Amino acid sequence: MVPAVPALRRALISLPRTPPSPPPSSPPRQILRLHSFSPTPHEEPCDPQNSSATLLRRAAALLNSAAQPSHLSQIHAILLSSGILRCSPSLAAKLFLSAADLGLIHQARHLLDEIPGPSVPLWNAAIRLHSRHGAFVDALLIYDKMLHQGVVPDGLTLPPVLKACGGLPTPTVGRAVHAHILRRGFETDLFVQNGLVAMYAKSGWIPCARAVFDRLSDRNVVSWTSIISGCAQNGFPLEALQIFARMQSSSDVRPDFIAIVSVLKAYMDIEDLDQGSSVHGLVIKLGLDDEPDLVITLTAMYAKCGQVHTARSLFDQVPSPALILWNAMISGYAKNGFASEAVELFREMIARHTKPDSVTIRSAILACAQLGSLEVGKWIEDYTGHSPFKDDIFVKTSLIDMYAKCGSIARAHRVFECISNKDVVVWSAIIMGYGLHGRGREAIHLFEEMKCAGVRPNDVTFVGVLSACNHAGLVDEGWKYFCSMRDYGIEPRHQHYACVVDLLARAGHLEKAYEFVRSMPMEPEVTVWGALLNACKIYGHVGLGQYAAEQIFALEPLNAGHYIQLSNIYASAGMWSDVAKVRVLMKEKGVTKAIGCSLIEINGKLHSFRVGDKLHPRSKEIFEMLSELERKLKKSGFVPHMGSVLHDLSMEEKEESLCNHSERIAIAFGLISTAPGTTLRIMKNLRACVNCHSATKLISKLVGREIVVRDINRFHHFKDGLCSCGDYW
DNA sequence: CTAGGGTTAG
């Protein structure tokens, strides 16, 4: 009789129970003939002994053939109601093992309680079953009960117990079990020792995991893998790789595919593709390149490191990809700017009748957000609504983000409203969305509402609020919120500082902004100097602009936008020789201006235009519309803002007339290809230029259309001659 | 009869 360790008991009492999953509700497919079990009148009704024996025999025979959960449930129910289960522990045990084999946790649990004194293998099976299915607390409670009944665990009891401990947030229980193990002498049991290493590793207690590992006299591939993956998963990728190197040099343990997967994870984390590829070589040498799980990890690694083409070639070699392989490829595309490839692959997946999970759907939604296409966005929401993930809060949050980025804040809000338990990320997403659309007041209102609802803002929420204030020119509010961050114990990051600099500078408080930059506790990065430079352009402040530009050139010498900003500052001040100098500087450094490009979506298809683009099949009509627009603009007294011509640094581009800017062509195309009154949605890769911005305002009025333009930073909603940004961008 | 790994993150 061994008493339960008090520490283990104490630790267990404090644990929350895992909420039980509902028992399977699907009705039995095939109804067993119930009456054949129950004692029937013609079968010696007056002799319960005899009929019980018959029943037992029949039940045992049926149990041997009961491969389906529904059959098992029925047998269970019948035996239970007849009270016979209590008379025959061996039958109960048999029934229990069948239930365990079928993964029927609830029934197995119920049956275990029916068995008077379960044997050690039975206890082991029960613990293993719960541990495998993630019911860790239950697994431990069963273990506790076992100890309490004075049953002595064997070598097979502890591995699943340790696995359950490793699944808990802290290794408190694990340590108690460890103490147990020490007292009982499982020092030479490799399974138990490996379990300890994995338990500490999973809980993030790497030094403890290492201590156990280092004391092992005998190590197999599982011991090595446990410690390697422990390091890789807890932010010590370099240690993981060192240990792998040691494994190869100082042991004759041959890595198997699971070991390699763990190693690749470490390379993935440090994004060391060169080393990662060399492991790919090792995989081939070991003859493991056909291992499906390794193909998944390799694909994920290449995809995550931006080598989407290499990833795709691996993907294409798999005849029927598993769900997570689809996920790795689709998310790889989405994260690396291959949005249309991601959406296309998602469609292919559906066409091939592979059911996506919430990870797939989230990746697909992310791709839609990047694509900016409202049509594709609506399609994916529709798809999501018919999927089992329609109520998933992660999915809904990505939908909010997606609609905001596709230009429909109304749709984003609709999704937002329908979420019952809004967490901080949901609120942050909608606040960010309103900010993106220049609706700062509403963003602030939502922020206050969120606080009233008792949701605590985090650093991301503050980025949202600050950028919302910024886009709407709400200087005082923005400053107030920035100062309130510390009340919430949030230390402002660089991004928050950048927002404030932009906020102050754009509103004309250049000196204040500069002072603020100097007071920053970290080195200002490009975004901060860029905000200053931009404001200097707006307010014609040459000196500070020059200084900011110098800082930027040192940090990011190859981005043409900064040179153009500086050049524009000089041009506005009439400093033509300095304009020329900037041009020379650009040439010396080999910086070329990004070519403006606008996209417009018509009937779900994207059309792209560049400056002066004549490549479109309907080019002739487009240019007729362009001249008509220009006529209308002139007639209503529109004067082009000549400053915008100065954007173009090369002589060739200077010759381009302003009305050839790409967004104007996209608008013209939109007008000739849609019904009157249809909203036009345009995306461009640069910031809106001053001239196009005022022209578009007027055009929206002249043609009676709402025009939504997503530029590189934000949205502009043009309507009735006005823009939602209030000319503040 | 036991053990180690993999997609993702608004």
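First the proteins, then the strands, lettered A, B, ... as listed; each starts at 1. None of the values given here were measured: they were computed from a predicted structure.
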So what does G155(A) touch, heavy atoms closer than 4.0 Å: a base, only the sugar-phosphate, or nothing? base

Checking all strands, does N194(A) fall into the base, sugar-phosphate, or nothing category for heavy-atom contacts under 4.0 angstrom? base

Does A198(A) reach a base, just sugar-phosphate, or nothing at all? Heavy atoms under 4.0 Å. sugar-phosphate

Could you tell me how far apart R362(A) (CZ) and dT8(B) (P) are, to the nearest whole angstrom? 10 Å

As a test of understanding, state which of L129(A), D138(A), L104(A) forms a side chain to side chain contact (heavy atoms under 4.5 Å, CB included) with R109(A). D138(A)

Is there a salt bridge (Lys or Arg N to Asp or Glu O under 4.0 Å) between D392(A) and K396(A)? Walk through the geometry before answering. CA-CA 6 Å; D392(A) 182 306; K396(A) 288 200 169 195; over 6 Å; no

Please report, rounded to the nearest Å, how far the C1' atom of dG4(B) is from the CG atom of L196(A). 14 Å

Sugar-phosphate only, base, or nothing, as touched by V221(A) at under 4.0 Å among non-hydrogen atoms: base

Under 4.0 Å: is that the gap between some side-chain N or O of K304(A) and OP1 or OP2 of dT8(B)? no

Going by atom types only, do T360(A) and N327(A) share a side-chain donor-acceptor pair under 3.5 Å? yes

K265(A) side-chain N/O to dG4(B) phosphate OP1/OP2 under 4.0 Å: no

Can you check the L325(A) CG to dG6(B) C1' distance for me, whole Å? 11 Å

Check the side chains of S223(A) and N220(A) for a donor-acceptor pair under 3.5 angstrom, ignoring hydrogens and angles. yes

Does dA3(B) have its OP1 or OP2 closer than 4.0 Å to a side-chain nitrogen or oxygen of R132(A)? yes

Spacing between D357(A) atom CG and dG10(B) atom C1', to the nearest angstrom: 15 Å

With respect to the side chain of K202(A), which nucleotide from dG10(B), dG5(B), dT2(B) is positioned closest? dG5(B)

Counting any heavy atom closer than 4.0 Å, what does P159(A) reach on the DNA or RNA strands: base, sugar-phosphate only, or nothing? base

According to a strict under-4.0 Å criterion, is S229(A) in side-chain N/O contact with OP1 or OP2 of dG4(B)? no

Answer yes or no: does a side-chain N or O of Q233(A) lie under 4.0 Å from OP1 or OP2 of dG6(B)? yes

Given dT2(B), dG5(B), dG6(B), the nucleotide with the shortest approach to the side chain of F257(A): dG5(B)

Please answer whether dG10(B) and F394(A) are stacked, defined here as ring centres separated by less than 5.5 Å and planes angled under 30°. yes

What is the distance, rounded to the nearest whole Å, between atom CD1 of I228(A) and atom P of dG6(B)? 13 Å

Would you kindly check whether a donor in the side chain of D293(A) faces an acceptor in the base of dG5(B), or vice versa, at under 3.5 angstrom? yes

Side chain of I258(A) only, heavy atoms from C-beta on: which candidate in dT7(B), dA9(B), dG5(B) is closest? dG5(B)

T397(A) has its side chain closest, among dA3(B), dG6(B), dG10(B), to dG10(B)

Atom-pair distance (CZ on R254(A); C1' on dG4(B)), nearest Å: 18 Å

If you go through the side-chain atoms of N220(A), does one of them form a donor-acceptor pair with the base of dG4(B) closer than 3.5 Å? no

I need the CD1-P distance between I393(A) and dG10(B), as an integer number of Å. 13 Å

Going by distance alone, is a donor N or O of one side chain under 3.5 Å from an acceptor N or O of the other, for R312(A) and Y333(A)? yes

Classify K396(A) by what it touches in the nucleic acid, base, sugar-phosphate, or nothing, heavy-atom distance under 4.0 Å. nothing

Tell me if the centroids of the rings in H437(A) and Y434(A) come within less than 6.0 Å of each other. no

Ignoring hydrogens and angles, state whether a donor on the side chain of E381(A) or Y403(A) is under 3.5 Å from an acceptor on the partner side chain. yes

Spacing between I181(A) atom CD1 and dT2(B) atom C1', to the nearest angstrom: 13 Å

Under the 3.5 Å rule, do the base of dG4(B) and the side chain of T225(A) count as making a donor-acceptor pair? yes

